[in-house]
Each structure stands twice: as C-alpha cells, then as structure tokens.
Amino acid sequence: MTERAPVSRKLSAIAESATLKVDAKAKSLQAAGRPVISYAAGEPDFATPPFVVDAAAAALSDPKNFRYTPAAGLPVLREAIAAKTLRDSGLEVDISRIIVTNGGKQAVYQAFQAVVNPGDEVLLPAPYWTTYPEAIKLADGVPVEVFAGSAQEYKVTVEQLEAARTEKTTVLVFVSPSNPTGAVYTPEETEAIGRWALEHGIWVITDEIYQNLTYDGVRAVSIVEAVPELAEQTILVNGVAKTYAMTGWRVGWMVGPADAIKVAGNLQSHLSSNVNNIAQIAAAAALNGPQDAAEEFRQAFDRRRKLIVGELSKIAGFTVPTPQGAFYVYPDVTGVLGRTWRGRTPTTSLELADLILEEVEVAVVPGEAFGPSGFLRLSYALGDEALLEGVRRLQELFSA
C-alpha cells in the first residue's frame with residue numbers, strides 16, 4: 001500500500017501565533033478556576049460603541065445584506081475608509097484602490113502576497129508583530145530582521161536599513177505606532193525612512209491600525225503623508241478592531257496602488273470573497289459616526305499606560321521605555337535574567353514568562369515572539385483593577 005503524501009511543507013513550517021497561544025493558555029487556566037491575569041492579547045476590554053451595534057442590528061432587517069456583495073467591499077464602507085485615509089493618513093484615494101478584508105490580519109497577508117516574489121528580501125524592523133515574518137514566508141519572501149533595542153526606543157534608523165539592504169531587497173515593513181513596543185516614529189524619522197525607500201524603489205507595507213491611539217500630544221504621521229510621492233509604492237493596512245473595540249467583528253482593509261490592489265483583489269475573490277455585510281455596515285457606522293466613545297477608550301488607555309509604566313519601573317532589572325502609542329508596554333528584562341527567583345534561574349525571556357505564569361499566575365508574551373530574547377510584552381488593554389493586581393504580583397516576585 002502506497003504511503004499517503006505529506007501535508008504542506010510550507011504550512012508545516014509556519015509557527016502558531018505566539019500571542020494567541022499565550023492568551024488561549026491563560027483563558028484555559030481562568031476557565032479552570034485559576035486567578036490568572038493576562039496581559040497577552042491585544043484586545044480592548046471595552047464594549048463596541050452602542051451606535052455601532054445599533055447599525056448592525058438595523059442591517060439585519062434588510063434582506064439584501066444576506067446576499068453576496070462585491071469582494072472588494074461595500075461602497076458605503078469603502079467611501080468611509082477613503083474619508084478616514086484622507087483625514088488620518090493625508091492620502092486622497094479613490095475607492096477602487098481599497099479592499100475590505102476579514103480583519104487587518106488578512107490585509108497583511110494579502111499585502112505581502114501582492115508585492116513579494118520568491119526570494120525577495122523584506123526588511124522587518126524588530127521587535128515586530130509575530131504575524132509579519134510568517135506572512136512574508138507564506139509569500140515565499142525572506143524576512144530580514146533589523147533590530148532596535150530599548151536604547152533606541154525600539155525605532156530603526158535609515159543607516160540600519162541601508163546596512164541591511166541588498167540587491168534582493170524589495171519591501172520594507174513600517175509600523176508606527178508599533179505592536180509590540182508602542183513606539184511612534186517622529187515626523188522627521190518617518191520622512192527620512194520614506195525618502196530612503198523612495199530612492200531605492202522599495203515597496204512599503206505600513207500597518208496603521210493603531211494610528212488613532214497616541215498619547216502626550218503625539219501624532220502618528222503616515223509615511224505617505226510625510227513623503228506623498230511614496231504612495232505609488234506603498235500599501236496601507238488598517239481596520240476598526242483596536243480604535244473601536246471591534247476585534248471580533250473582523251473588518252480591516254488595505255489601500256494601495258491600482259496594480260497591487262488589482263492582484264490582491266483577484267486573490268481575495270478566490271480566498272474569501274466579501275466580508276460579512278453586517279460587520280461592514282457596522283464598521284462604516286464606526287468610521288462615519290461620533291468619535292466620542294473612541295476618544296474615551298483612548299483616554300482610558302492613556303491612564304493605564306501611565307500606571308503600568310510607573311509600576312513596572314519600580315522593579316529592579318526592568319527597563320521600561322514609555323510607549324507613545326498603541327496599548328502595549330515592552331520592558332527590557334535582561335536585568336532579571338540569569339538571577340534566581342524562587343529557586344529558578346531563567347536565562348531567556350521565554351523561560352521568564354513561564355516562571356511568571358507558574359509562580360504568580362500572570363500571563364505575558366516573551367520577546368522571542370517578536371524578535372530577540374530579553375523582553376516581555378504586556379498589553380494594558382485590560383481593566384484597571386486587574387492591571388494593577390498583575391503588576392503587584394510581578395513586583396512581589398522580583399522583590400527578593
């Protein structure tokens with residue numbers, strides 16, 4: 001009897017999402033009655049604004065929403081996205097250059113599929129979101145990490161990018177505000193990187209899903225606003241998940257040049273077709289409606305940001321740059337590695353995260369999920385009481 005052929009080698013080489021893995025483990029322990037506090041998932045703890053939910057409920061009464069619609073998205077949502085892109089990214093774009101996707105993650109996947117060819121090198125500033133390198137490899141590209149540590153506030157320089165560039169470099173990933181660090185590039189830094197990419201004909205995939213979550217008067221300037229000429233070689237990725245507490249609605253989008261959007265649209269027509277119509281209508285309501293709730297969310301994140309940075313900074317061995325965007329803090333924990341805590345001596349942030357979960361029942365994501373070891377990512381998109389209790393447990397653990 002002939003042995004069965006193996007499953008896909010390409011997919012077998014792809015790692016599971018580390019953030020979702022840690023979050024699932026934390027939720028499993030919570031379901032078993034363990035008092036685990038999880039900083040793992042990048043998910044706001046707020047309810048979606050009521051007017052958005054009302055728009056979805058009203059859409060359920062219209063039978064036309066139960067049918068197939070254009071794979072690229074409902075015109076009403078694409079028009080809302082065009083308005084937001086002009087408002088927040090400084091780019092005027094026709095709706096023909098917009099594709100609505102099943103969350104920002106699908107937009108990321110399709111963006112790499114659209115512009116990466118086999119063997120192309122993609123410059124990936126690190127620390128990076130755990131999905132980027134896997135999506136690059138699925139497009140048969142080669143991720144090339146360019147690391148910036150806490151001393152640089154986790155922001156790469158043009159000099160670093162140029163040192164990593166080769167004749168095979170075709171794409172740069174640019175994320176500001178950043179997941180996992182919360183770092184925000186200054187307008188000057190953004191322009192310098194944009195002009196470098198323009199000079200060398202390099203595609204830019206810029207993930208702007210956290211662009212409305214900034215603090216201390218900082219604004220995340222889009223790379224296409226800083227360098228308008230770059231628009232013809234840039235794909236913008238965004239969505240409603242983070243700003244409007246709509247992670248489960250699964251609505252994202254990509255904006256880009258006509259040729260890239262055409263091939264991405266062809267892919268989506270076979271991959272998933274249209275996004276859920278009810279969710280699309282809800283997303284349009286979120287973008288077009290009052291922004292009061294979104295601003296309340298942002299202010300709550302800002303309060304939690306200050307709290308968690310202040311409290312983590314009290315732990316000897318933690319170096320905690322102050323994030324200016326998103327809802328993550330990314331402490332450098334090399335100062336506690338190699339030391340003994342409750343009879344255990346972690347030498348990596350992976351081992352440290354395991355120790356923290358087992359000893360004080362706090363779930364954090366180790367730096368290995370985002371690049372080099374020696375760091376932890378904590379999301380402060382959870383309730384104030386839980387946030388403070390978790391940090392107090394960490395303070396107690398590392399007080400010896």
Side-chain angles (χ1 to χ4, degrees), residues 41-108 110 177 207-214 219-220 222 236-256 261 265 268 272-302 325-327 381:
E43 181 170 45
D45 61 314
F46 309 114
T48 301
F51 77 91
V52 175
V53 178
D54 290 343
L60 286 168
S61 65
D62 190 342
K64 74 180 181 183
N65 294 320
F66 310 153
R67 304 288 183 256
Y68 290 129
T69 54
L74 295 174
V76 65
L77 177 54
R78 294 161 79 195
E79 289 167 0
I81 291 168
K84 174 187 166 43
T85 303
L86 178 59
R87 180 173 67 244
D88 293 337
S89 301
L91 178 65
E92 186 170 3
V93 61
D94 187 83
I95 67 169
S96 63
R97 292 173 57 171
I98 298 170
I99 298 176
V100 179
T101 60
N102 287 281
K105 191 170 286 189
Q106 183 180 351
V108 167
Q110 291 182 176
D207 190 339
E208 300 187 335
I209 201 161
Y210 295 99
Q211 73 180 166
N212 296 121
L213 294 174
T214 57
R219 177 172 174 264
S222 175
L236 293 78
V237 174
N238 212 321
V240 294
K242 313 299 183 176
T243 301
Y244 301 100
M246 295 179 68
T247 52
W249 294 80
R250 310 312 302 141
V251 180
W253 58 83
M254 55 189 297
V255 178
I261 292 300
Q268 183 160 311
S272 64
S273 192
N274 66 279
V275 173
N276 179 289
N277 294 321
I278 307 303
Q280 288 194 69
I281 290 168
L287 294 177
N288 290 331
Q291 302 299 301
D292 303 30
E295 175 59 16
E296 290 175 9
F297 299 163
R298 191 194 67 82
Q299 290 180 13
F301 289 141
D302 190 15
F327 39 63

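Everything quoted here is computed from the prediction, not taken from an experiment.
Put simply, CG on Leu236 and CD1 on Ile209 are 12.5 Å apart, with the number rounded to the nearest 0.5 Å. Residue Asp88 holds its CG atom at 8.5 Å from CD of Glu208, rounded to the nearest 0.5 Å. Annotation: the span from Ser89 atom OG to Ile81 atom CD1 amounts to 11.5 Å, rounded to 0.5 Å. Going from atom CG of Leu77 over to atom CG of Leu287 covers 6.5 Å, rounded to the nearest 0.5 Å. Put simply, CD on Gln280 and CG on Leu74 are 4.0 Å apart, with the number rounded to the nearest 0.5 Å. To the nearest 0.5 Å, atoms OG1 (Thr243) and CG (Asn212) are separated by 4.5 Å.
The two residues Val52 and Ala282 make their nearest non-hydrogen contact at CG1-O, 3.4 Å. When all heavy atoms of Asn102 and Ser272 are compared, the pair lying nearest together is ND2-OG, 3.5 Å. Smallest separation of non-hydrogen atoms from Val93 and Ala82: O-CB, 3.6 Å. For the residue pair Thr48 and Ala245, the shortest heavy atom distance occurs at OG1-O, 2.7 Å. In terms of heavy-atom proximity, Val240 sits nearest to Ala283 at CG1-CB, 4.0 Å.
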Quiz prompt | Pair Ile261-Ile98, side-chain contact (heavy atoms from CB on, under 4.5 Å): steps then yes or no | solution = CA-CA 7 Å; Ile261 292 300; Ile98 298 170; over 6 Å; no
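At a cut-off of 3.5 Å, with distance as the only test, a side-chain donor of Gln211 or Lys84 sits close to an acceptor on the other residue. Judged by distance alone, the side chains of Gln268 and Thr101 never bring a donor and an acceptor atom under 3.5 Å apart.
Counting heavy atoms from C-beta on, the side chains of Leu213 and Pro177 never come closer than 4.5 Å. Using a 4.5 Å cut-off on side-chain heavy atoms (C-beta onward), Asn276 and Arg250 make no contact. Contact of the Leu91 side chain with the Leu86 side chain is not registered, since no non-hydrogen atoms from C-beta on lie closer than 4.5 Å.
In this structure Gln291 satisfies the side chain to side chain contact (heavy atoms under 4.5 Å, CB included) test together with Tyr244, Ala294, sequence neighbours excluded. Contacts of Pro290 classified as side chain to side chain contact (heavy atoms under 4.5 Å, CB included), with partners at least two apart in sequence or in another chain: Phe51, Asp292.
Within the structure, every pair that satisfies the side chain to side chain donor-acceptor pair (under 3.5 Å) test and touches residues 63-72, not counting sequence neighbours, is listed here: Thr69-Asn274, Thr69-Asn277.
Ring-centre distance between Phe301 and Phe46: below the 6.0 Å cut-off.
Environment of CD in Gln299: crowded, with over 12 heavy atoms of neighbouring residues, nucleotides or ligands closer than 6.0 Å.
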